[in-house]
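Below is one structure, written out as structure tokens; the observations come after it.
When a residue number appears, it is its place in the shown sequence, counting from 1.
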Amino acid sequence: MTLAVHHPARRLAGFTLLELLIALAILAIVSIAVFNQGGDTARQLGGLEQQTFARWVAENEIAKLRLEQRLAGEPLRPGSNRDQVSYGDRYWQVVEEIQTTDHPWMNRVEVSVYALVDGREVGPVDTLVGFVGRY
């Protein structure tokens, strides 16, 4: 003997149009937030790269002053110097301020590095203070 079993009408499986629209709205909001964060990260990375190059330029300038002073055998002359250098496929404006100290054989050197963008100075991107001795 077979029994006929009647099943009530089944609801078709799937999402309604309203559920799909809500899911798409949430996905769009999350995508915008992730995209904006990625842009911020890229800008920060570019700024860090520029600061790193500027620091290397400043360190190179102080090393150059130390080498020139050692080769000349005379203390550095107090004053200000400006120079344009190329480093890391970029141009930089370097401003050096040389000052005497209480010790006659020691000079204080402050190097400020500006980025050159379209012929104008931007910054200083970095400033480094060092001391250059006679020996």
Could you report the tightest heavy-atom contact between [X] and [Y], atom names first, then the distance?
{"X": "Leu76", "Y": "Gln69", "result": "CD2-CB, 3.8 Å"}
{"X": "Gln50", "Y": "Ala115", "result": "NE2-CB, 3.1 Å"}
{"X": "Val125", "Y": "Val122", "result": "CG2-O, 3.7 Å"}
{"X": "Trp92", "Y": "Tyr87", "result": "NE1-O, 3.0 Å"}
{"X": "Glu49", "Y": "Arg90", "result": "OE1-NH2, 2.6 Å"}

Value rounded to 0.5 Å, distance of [atom1] in [X] from [atom2] in [Y]:
{"X": "Leu65", "Y": "Asn60", "atom1": "CG", "atom2": "CG", "result": "11.0 Å"}
{"X": "Glu110", "Y": "Ile98", "atom1": "CD", "atom2": "CD1", "result": "11.5 Å"}
{"X": "Ile32", "Y": "Gln37", "atom1": "CD1", "atom2": "CD", "result": "14.5 Å"}
{"X": "Glu68", "Y": "Glu61", "atom1": "CD", "atom2": "CD", "result": "8.5 Å"}
{"X": "Glu121", "Y": "Leu116", "atom1": "CD", "atom2": "CG", "result": "6.0 Å"}
{"X": "Arg55", "Y": "Asp126", "atom1": "CZ", "atom2": "CG", "result": "4.0 Å"}

Under a 4.5 Å side-chain heavy-atom rule over Ile, Leu, Val, Met, Phe, Trp and Tyr, are [X] and [Y] clustered together?
{"X": "Phe53", "Y": "Val85", "answer": "yes"}
{"X": "Trp56", "Y": "Leu48", "answer": "no"}
{"X": "Val113", "Y": "Leu128", "answer": "yes"}
{"X": "Leu67", "Y": "Phe131", "answer": "no"}

* So, Glu96 and Lys64, do they make that salt bridge, N to O below 4.0 Å? -> no
* Asked: Any side-chain heavy atom of Pro78 sitting closer than 4.5 Å to one from Gln99?
  -> no
* Do Arg120 and Tyr114 touch side chain to side chain, with heavy atoms closer than 4.5 Å? -> no
* **Neighbour count above 12 (heavy atom, 6.0 Å) for Tyr91 OH** => no
* Picking from Thr101, Thr100, Asn107, what satisfies side-chain contact (heavy atoms from CB on, under 4.5 Å) with His103? -> Thr101
